[in-house]
Amino acid sequence: MEIVIVGAGVIGLATAWRAAAGGAAVTLVDPSPMSGASSVAAGMLAPVGELTYGEEPLLRLGLASRDRYGAFVAELEELTGLDTGYRTDGLVQVAFDADDLRYLDDLRRFQESLGLPAEALTGRECRRAEPMLAPGVRGGLLAPRDGSIDPRRLGTALLAAAERFGARLVRRRAARIVVDGGAATGVGLDDGTVIRADRVLLAAGPWSADLEGLPPGTVPPVRPVKGQVIRLRTRVPFLRRTVRGLVKGSPVYLVPRADGEVVIGATQEELGFDTRVTAGGLWELLRDARELVPGVTELEFVEVTAGLRPGSPDNAPVMGPTALPGLIAGTGHFRNGILLTPVSADILSAMLLDGPVPEIAGLFSPDRFSAEVQA
Ligand code: GLY
């Protein structure tokens, strides 16, 4: 089985690893692996902490992926000898004012209605859990099984694992899908080279439909949703676990790493393919982060980046065969690409290799969108 994967973010890389380990000859095509949303993401593994009303199928997929994460990381780290910064120390969600607390109370009831353990914390309990929290924090919720990972370390390890099983990386842009006899039979690169394949996986985030030769409506519309993210560094103990908060209705999160990095995210902006970092975006993040964790202003500044999340019409991933035989979609992971990496790799590699596909994949098929909404 010859497989071409367009896009070497975490979804493409993890699927390449699994498909190559399953015996396929895999070629990854990307001019700059891990240069999109995967390298900007903070790496929260928070299906409970990031739960949103109306997205129960996504919650189920997120829980399935979180349950796979421990074994996935253990296998990856053992294979490559590389650390991924994986943590399972929970997430505390905190409220800045009385309205924010009311929202968290509603969220706790919603979590409980779904059978999720939700521990309500008073303001004092929040500060006992996280001493750097501001004295005025009203209360919160603890999601004890949520966690985080360093997406950049994860990407490095996934590429090493894929290469260990013989996957080949071609650092060029995929320009077109090659179609013969009504089926995808390869990918044409920007230098005119053609790579033939039995199966093609589109895992290029919001650029997944950006290829010549795709029949109209083949790939559901995936839009770019910009997120600006700040990276800081501390040399002294700071946060014990991920803190996610609401400040006058505005969400912000701080993700600490064992190496001292603290990632603050993220804005959510619908501005097309715009990756400019703006003064307003940074100000909002720092303003809200400081309200919750005043000491954040003492940390060393490291980096600011903006990435484009791939958002589908229902905010859930698009994974499965498209209307073009031989072409499989693996995109639309929106705010959850890092969390959904293990389960997506299992689903997509099974589809590519004709193996048994986890049943939950049926909820995320590209054909769930009607013809009217397809590009
Ligand atoms: N899941 C975090 C974000 O997309 O900002």
Side-chain angles (χ1 to χ4, degrees), residues 9-11 34-55 57-59 61-66 69 85-87 90-94 107 141 143 145-152 154-155 205-206 222-232 239 241-247 249-257 261-271 274-275 277-278 280-282 284-289 292 303-312 314-318 331-344:
V10 285
I11 301 297
M34 287 292 295
S35 61
S38 294
S39 71
V40 175
M44 269 186 293
L45 306 177
V48 177
E50 292 237 291
L51 178 64
T52 304
Y53 292 100
E55 295 184 354
L58 187 54
L59 169 70
L61 191 68
L63 292 174
S65 205
R66 192 187 66 182
Y69 237 108
Y86 176 59
R87 297 174 64 153
L91 176 148
V92 65
Q93 191 155 15
V94 297
L107 186 63
L141 287 177
R145 294 190 55 209
D146 282 356
S148 65
I149 196 164
D150 183 335
R152 295 177 181 178
L154 174 65
V222 174
R223 68 190 196 286
V225 183
K226 176 173 160 181
Q228 301 187 48
V229 169
I230 300 171
R231 283 175 160 78
L232 306 176
L239 296 176
R241 58 177 74 70
T242 296
V243 171
R244 193 179 191 284
L246 275 180
V247 180
S250 172
V252 66
Y253 50 81
L254 299 95
V255 181
R257 306 214 198 285
E261 185 172 77
V262 178
V263 186
I264 304 178
T267 66
Q268 198 163 306
E269 303 160 71
E270 305 259 0
L271 293 170
D274 169 8
T275 52
V277 170
T278 63
L282 299 188
E284 278 171 32
L285 289 174
L286 286 174
R287 176 198 64 193
D288 293 346
L292 298 179
E303 185 193 87
V304 56
T305 43
L308 299 173
R309 309 172 182 90
S312 73
D314 61 6
N315 296 337
V318 180
T331 181
H333 289 74
F334 192 40
R335 294 177 56 88
N336 294 289
I338 307 299
L339 168 65
L340 296 178
T341 294
V343 76
S344 300

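On a predicted model such as this, the values are computed, not experimentally measured, just so you know. In each ligand, atom 1 is the first atom listed, and ligand 1 is the first ligand listed.
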Worksheet item: In terms of heavy-atom contacts, does CZ of Arg145 have more than 12 from other residues, nucleotides or ligands at under 6.0 Å?
Response: no
Worksheet entry | Donor + acceptor pair across side chains of Glu55, Asn315 (<3.5 Å) | yes
Worksheet item: Considering only heavy atoms, does Glu50 approach ligand 1 within less than 4.0 Å through its side chain, its backbone, both, or neither?
Response: side chain
Item to complete: Please confirm whether Arg335 comes within less than 3.5 Å of ligand 1 when only nitrogen or oxygen atoms on both sides are compared.
Response: yes
Discussion item. Less than 4.5 Å apart, side chain to side chain, heavy atoms only: is that true for Val225 and Glu270?
Written reply: yes
Worksheet entry | Contact check, side chains of Val263 and Arg257, non-hydrogen atoms, under 4.5 Å | yes
Discussion item. Can you name the atoms of ligand 1, numbered from 1 with element, that are less than 4.0 Å from a heavy atom of Ala266?
Written reply: 5 (O)
Practice prompt. Keeping the roles fixed (side chain from Arg223, backbone from Pro310), state whether a donor-acceptor pair exists under 3.5 Å.
Written response: no
Response to the item:
Checking heavy atoms under 4.0 Å, the part of Tyr253 that sits near ligand 1 is side chain
Worksheet, complete the sentence: the protein heavy atom lying closest to atom 4 (O) of ligand 1 turns out to be Arg309 NE, 2.8 Å
